[in-house]
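Following: one structure in structure tokens, then a few remarks.
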Amino acid sequence: MLSGGQNDGQELDAESIEAMEQMGLYVYMQLNEGGNAVISLFGTNTNGTWEAKDANTVAITFEGDTADATLEGDELVLAVEGNSLKFKKGEIPADALAAAAGTTDDAGQAAE
């Protein structure tokens, strides 16, 4: 689940994340067994892949672009083009899954 970060110069703190979630806007990433990954941005899921590089780093690929995510304490930090998203392990809320139900990514693949 999204726990923090910075997007376009705006700090994503706990208060702003809570406000987004109260509006039904969720951001989360799933790293599944077998190397499959899903990132959900505000109800739209995009399928991808992940591969461990070492004990603290994974290479994550979505839509043909690969970026490294680094484990920092209990957060996985994904930094791309000056923006960063921090994720903490947690349960995906049922309403977040419902928001993504039936949505497709840019490749037209059904949401997980």
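The figures that follow rest on heavy atoms only: side chains count, while hydrogens, waters and symmetry mates do not.
Side-chain contact check for Thr46 versus Glu63: some heavy-atom pair is nearer than 4.5 Å. In this structure the side chain of Tyr26 never reaches within 4.5 angstrom of the side chain of Ser40, judged on heavy atoms. A 4.5 Å side-chain heavy-atom check between Lys86 and Leu12 finds every atom pair outside the cut-off.
Taking each heavy atom of Ile39 and Phe87 in turn, the nearest pair found is CD1-CZ, 4.4 Å. Of all non-hydrogen atoms in Phe42 and Leu25, the two that sit nearest each other are CD2-CB, 3.5 Å. Considering every non-hydrogen atom in both Ala37 and Leu31, the closest pair reads CB-CD2, 3.9 Å. Between Val58 and Trp50, the shortest heavy-atom contact is CG1-CE3, 4.0 Å.
Shown here are the side chain to side chain donor-acceptor pair (under 3.5 Å) partners of Asp8, two or more places apart in sequence or in another chain: there are none. Partners of Thr57 according to the side chain to side chain donor-acceptor pair (under 3.5 Å) rule, which considers only residues two or more places apart in sequence or in another chain, are Asp54. Every side chain to side chain donor-acceptor pair (under 3.5 Å) that Thr61 has, sequence neighbours left out, goes to Thr66. Ile92 pairs by the side-chain contact (heavy atoms from CB on, under 4.5 Å) definition with Met1, Tyr28, Gln30, Ala96, Leu97, not counting sequence neighbours. In terms of the side chain to side chain donor-acceptor pair (under 3.5 Å) criterion, residue partners of Asp13 (sequence neighbours excluded) are, by chain and number, Ser16.
The distance from atom CG of Asn36 to atom CG of Asn47, rounded to the nearest 0.5 Å, is 8.0 Å. Rounding to the nearest 0.5 angstrom, the gap separating the CG atom in Asn7 from the OG atom in Ser84 is 8.5 Å.
Heavy atoms of other residues, nucleotides or ligands lying less than 6.0 angstrom from CD of Glu11 number more than 12.
Residues in residues 16-35 take part in no salt bridge (Lys or Arg N to Asp or Glu O under 4.0 Å) pair, two or more places apart or across chains.
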Side-chain polar contacts of residues 68-82 - donor-acceptor pairs under 3.5 angstrom, sequence neighbours left out - could you list them?
from, atom 1, to, atom 2, distance (Å)
Asp68, OD1, Lys53, NZ, 3.3
Asp68, OD2, Lys53, NZ, 2.9
Glu75, OE2, Ser3, OG, 2.8

